[in-house]
Amino acid sequence: MMLNIENIRAQFPILAQQIHGKNLVYLDNGATTQKPISVINAITNYYKNENSNVHRGVHFLSGLATKKLEKTRNAVKKFIGARYNHEIIFTKGATDSINLVANGYSTLLKKGDEIIISELEHHSNIVPWQICCENCGASLKIIPIKDNGELDMDCFYNMISKNTKIVAISHISNTLGTVNPVEKIISKAHELGAKVLIDGAQATTHVNLNMIDLDADYYVFSAHKMYGPTGVGVLYGKEEALNSLPVYQGGGEMIKDVSFKKTTYAPLPHKFEAGTPNIAGIIALNEAITFVLKLGIENIYNYERELLEYATNEILKIKGVVIYGNSKNKTGIISFNIDGIHPYDIGVIIDKFGVAIRTGHHCTQPLMERFKIPGTARISFAVYNTIEEINICIEAIKKAKSMLV
Amino acid sequence: MMLNIENIRAQFPILAQQIHGKNLVYLDNGATTQKPISVINAITNYYKNENSNVHRGVHFLSGLATKKLEKTRNAVKKFIGARYNHEIIFTKGATDSINLVANGYSTLLKKGDEIIISELEHHSNIVPWQICCENCGASLKIIPIKDNGELDMDCFYNMISKNTKIVAISHISNTLGTVNPVEKIISKAHELGAKVLIDGAQATTHVNLNMIDLDADYYVFSAHKMYGPTGVGVLYGKEEALNSLPVYQGGGEMIKDVSFKKTTYAPLPHKFEAGTPNIAGIIALNEAITFVLKLGIENIYNYERELLEYATNEILKIKGVVIYGNSKNKTGIISFNIDGIHPYDIGVIIDKFGVAIRTGHHCTQPLMERFKIPGTARISFAVYNTIEEINICIEAIKKAKSMLV
Amino acid sequence: MKSIDIIQNEIIDDFNMFDDWIQKYEYLIELGKDLPLLNSAYKIEDNLIKGCQSQVWLHAEKKNDTIIFTADSDAIMTKGIIALLIRVLSHHSPQEIAESKLNFIAEIGITDQLSPTRANGLVSMIKQMKIYAVALNN
Amino acid sequence: MKSIDIIQNEIIDDFNMFDDWIQKYEYLIELGKDLPLLNSAYKIEDNLIKGCQSQVWLHAEKKNDTIIFTADSDAIMTKGIIALLIRVLSHHSPQEIAESKLNFIAEIGITDQLSPTRANGLVSMIKQMKIYAVALNN
Ligand SMILES: Cc1ncc(COP(=O)(O)O)c(C=O)c1O
Ligand SMILES: Cc1ncc(COP(=O)(O)O)c(C=O)c1O
């Protein structure tokens, strides 16, 4: 199916913005995507017509808010092909989700146990495991990456052992765009009895997800990177995987019975949902899912691949450009540097042309270390981007270069 | 100053709602308040014009979102009279805030140390401390309450000792409305070298807060209970108190340097703000604060006291009514039961008259245990409620009673 | 014994006679009050289904190949619905109970009371009735 | 030596001559390129002010009761602003530096570069310059 991009763009009010007197060219989608009007309206509608605290209320609005929140849980379940609604835990973001699991593992693991992550992980999939290791004495093993930005799978196969208790890997690298071979990792890990957490923050709009097929034990993502609101994340876990974790936060909804003698906890999903959730945000996430499903993930992927190929070609025409991440299997992310120029300078200058890209280490400092660079300039696409915008961006980069050298 | 309630009501779109064909009478404000249009518009405006990830971006929108987020931090600082902006940590809610502190204390305390809470605490200020005690071997001491719903301060003075390391007390009871003597608790605790956390979830629209005067070490609250959005909370902590806590969640913004050899953490407030925050929600919180300050906390308090007194009088005219929480020093919350009637039945029936109250244990099961009741029906006021609404509510309760006995 | 579906239709007819929710609720309250007392020997922790607001005690026993339910709750509205559930399911065979589709709840307009908000124990109660039926089917 | 305020006004006048941001940025870039090299002995961890994207190395020494700053950065735009800061503050007495109010930044329209987003190390750099001034004032 061909997507009607003009029609899609019309659904995003912010794309009509002017920045420094220029049309906004938003190419920082890896950091956060913009929101379609349906998502924005869901929030407004909630606060104007339905707002109430969820779960325990018997009055109408409370029932309505609860129903809508649970509807999103069901929508997420279907979206990622999970078995049960109670395998979907709402968190405040991918980072929160990973911390919940890593915190649990700090009580499940002991000295001698090993955790495997990779060199291209986002800090959010590194630091929680470092804290976990500090607390329980387990050790952290790192899968190195090859020059083209792919995981060195030979190393992984050598590294994993019976001591490995959990492997935590991003589905798609936020800096390089590499799509990691998570299926292979999961099947090898399971062979050796290790669990697997997949950080899907960059994947939910690019890969058709089916948890039953994928067989990941945990899968995490953030709503704000998939056209949804800020402040909402998802932790998917297999029923038995979630049940094996101790409670994380205490309070509110997550209890069965509280007494000073003995407190018992509610079953999934409530066990992990302490406190009043981001009700408006969760309800709006349902609209984001609807938006993505209407377009079709494959269509989004294919269209972004077109943008990626065009942009890659054009940018490589600029002398001195180096692109980091050259896997054949990558999504719409281009991390680059220009010889002799600091990425910060590029970002600051093209901003004046209305072009928003991200520069810096992208919360992947070890990866920057690996390439011995202070950072990169990163272009990242969403489904509303166009070839024309890429042309504007390339022109801006060329102008920046001519000013800087 | 007299508040113009009609004018205030006009700012809340939801108050025009019909429930089961009746005008909504929303008296469940202890669970969550409704939102003025300024708060709703702040969210819409953010997503339509400004949405971008914060902090590390060099492009215009990222700078704007960052500036606005930090503006809210500054507004919160002023609102609660803190010393520094970096003493304000954004969390997902009061529950999240308490868990952050209690988790830290589980590494700071050891067997023999004591934590004091009270019998009237919300589960969110009980369970995190139970988990903390389980992890570190400290023990939990409970201040009992008197029949009128006030803390038994004599007991507190007897209970606290050099072994007490932290006292965690709600400023206002969400079930009874009691305003606790937090000043006395803080000064006594400090005398003995203990820190104090105040759960201000119910207090922020009823008490003028000044952290420097109050001298609490930690103070927590939720935006959604003060006319703000869901999914945003605040943890205030004195600089040295926050610095004494270990990091909680890892990832994203909270680092100084990440490497596989050694990761170091960012200074306050970033140390405790891992992951992409609820940017839209935080920005909207600023509008909620503006709304409250414009009306004036004293005016809100006084007006709600009027409602409280009127409603208390009227409800006591119903035969068989018992009110729990009869402190002179209480805010606009009435928890009651009617002889021989289960509160659930009252809630279900008056809902049909458009009246939304909360029934149940209000996440204070130990308090229910204390009064030997399964729950209460709870009316809780906000500044937009009226005498007329109270009359409708009282009529509905009377009808429910006549149906039920 | 009439089939489960016939009883459900009777209940739907009963409720159709009422003009408004007040009459329906009053009828439910009456049913709740008339629900035969649960033998206090059965009002034990093991038989407790905990909703977050009202509690339900449910007892099941087998008699001549059919299951007989008795139950109680601390909330009267909950008890009223329990009375209906017992009227529909009690005195049927385990298989009939396990395979039953309880559509009457939606039809009589009290679905609010059966939302998955856990505020009362009714959703769990229906589940528990079916579990008993399966368990006692031997 | 001219006073800090006089130098600031000169800079403001310089920038007022430019028609657009491109000229301003080109000027900053030029200033950045012309910034005297920092003695490599001073390009050490101790002198490093870490922004989250660009880094700044700052060295200060006292000479005849005035402070002399030298500095470097890996990003050229940052270096350009450093050049301005040095022009304004270097060769002044510790007290003058500590008490200075740097209004020129707002006036020349490059405040974006000095937001508290930590993207470059400039806010910390100004703070550090004042700290050095106080520390060397003895
Ligand atoms: C006194 C008190 N503490 C804590 C909480 C928990 O707040 P939240 O659910 O927003 O985290 C509440 C809200 O119910 C409360 O009333
Ligand atoms: C791969 C990856 N993992 C984790 C995260 C963290 O997501 P969040 O900041 O929404 O918690 C991000 C987002 O920056 C990411 O790209």
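Letters go in sequence order (proteins before strands), and every chain restarts at 1.
At a 4.5 Å heavy-atom cutoff, the contact between M254(A) and chain B is made by side-chain atoms alone. When heavy atoms are compared at a cutoff of 4.5 Å, H361(B) approaches chain A solely by way of its side chain, counted from C-beta outward. At a 4.5 Å heavy-atom cutoff, V232(A) makes no contact with chain B through either its backbone or its side chain. Using a 4.5 Å cut-off between heavy atoms, S259(B) contacts chain A through its backbone alone, with no side-chain atom that close. Only the side chain of I37(B) comes within less than 4.5 Å of a heavy atom in chain A; its backbone stays farther off. Both the backbone and the side chain of D96(A) come within less than 4.5 Å of a heavy atom in chain B. P366(A) touches chain B through backbone and side chain together, each having a heavy atom under 4.5 Å away. Residue N135(B): no heavy atom, backbone or side chain, is found under 4.5 Å from chain A. In this structure, chain A has no heavy atom under 4.5 Å from any part of P246(B).
When atom types are taken as modelled, the side chain of N51(A) and the backbone of T33(B) share a donor-acceptor pair closer than 3.5 angstrom.
For the atom pair I357(B) CD1 and H59(A) NE2, the distance stands at 8.5 Å (nearest 0.5 Å). Distance check, rounded to the nearest 0.5 Å: CD1 of I131(A) to OH of Y248(B) gives 11.0 Å. The CG atom of N41(B) sits 8.0 Å away from the OG1 atom of T44(A) when rounded to the nearest 0.5 Å. A distance of 8.5 Å separates CD of Q249(A) from CG of L100(B), quoted to the nearest 0.5 Å. In this structure, I43(B) CD1 and Y47(A) OH are separated by 4.5 Å, a value rounded to the nearest 0.5 Å. To the nearest 0.5 Å, the span separating OG1 on T263(A) from CD1 on I126(B) amounts to 7.5 Å.
The shortest heavy-atom contact between S124(A) and G252(B) is OG-N, 3.3 Å. Between R358(A) and V54(B) the shortest heavy-atom distance is NH1-O, 3.8 Å.
When each of N125(B), I142(B), V39(B) is scored by its heavy-atom pairs under 4.5 Å with chain A, the top score falls to I142(B). The residue among I19(B), T95(B), N49(B) with the most heavy atom pairs within less than 4.5 Å of chain A is N49(B). Of the listed residues (S52(A), G233(A), G93(A)), the greatest number of heavy-atom pairs within a distance under 4.5 Å of chain B belongs to S52(A). Counting heavy-atom pairs under 4.5 Å between each of G275(A), C363(A), A356(A), G347(A) and chain B puts A356(A) at the top. Ranked by heavy-atom pairs under 4.5 Å with chain B, the list G251(A), G231(A), G250(A) is led by G250(A). Contact count against chain B (heavy-atom pairs under 4.5 Å) is highest for N99(A) among I40(A), N99(A), V127(A), L61(A). Heavy-atom pairs under 4.5 Å with chain B peak, among T32(A), V247(A), L64(A), at T32(A). Ranking H224(A), E369(A), H122(A) against chain B, the residue ahead of the rest is H224(A), based on heavy-atom pairs under 4.5 Å. Heavy-atom pairs under 4.5 Å with chain A peak, among Q365(B), E119(B), Q17(B), K225(B), at Q365(B).
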Review point. Yes or no on side chain to side chain contact (heavy atoms under 4.5 Å, CB included) for I14(A) and E50(B), after CA distance, side-chain angles and deciding distance?
Key: CA-CA 7 Å; I14(A) 205 172; E50(B) 303 167 348; 5.6 Å; no
**Study point:** Working for side chain to side chain contact (heavy atoms under 4.5 Å, CB included), residues N278(A) and N278(B)
**Key:** CA-CA 9 Å; N278(A) 184 351; N278(B) 184 351; 3.4 Å; yes
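Side-chain contact annotation: T230(A) with Y46(B), donor-acceptor N/O pair under 3.5 Å absent.
Inter-residue side-chain proximity for V355(B) and F60(A) is flagged as unmet; no heavy-atom pair is nearer than 4.5 Å.
Atom NZ of K141(A) has 12 or fewer neighbouring heavy atoms from other residues, nucleotides or ligands inside a 6.0 Å radius.
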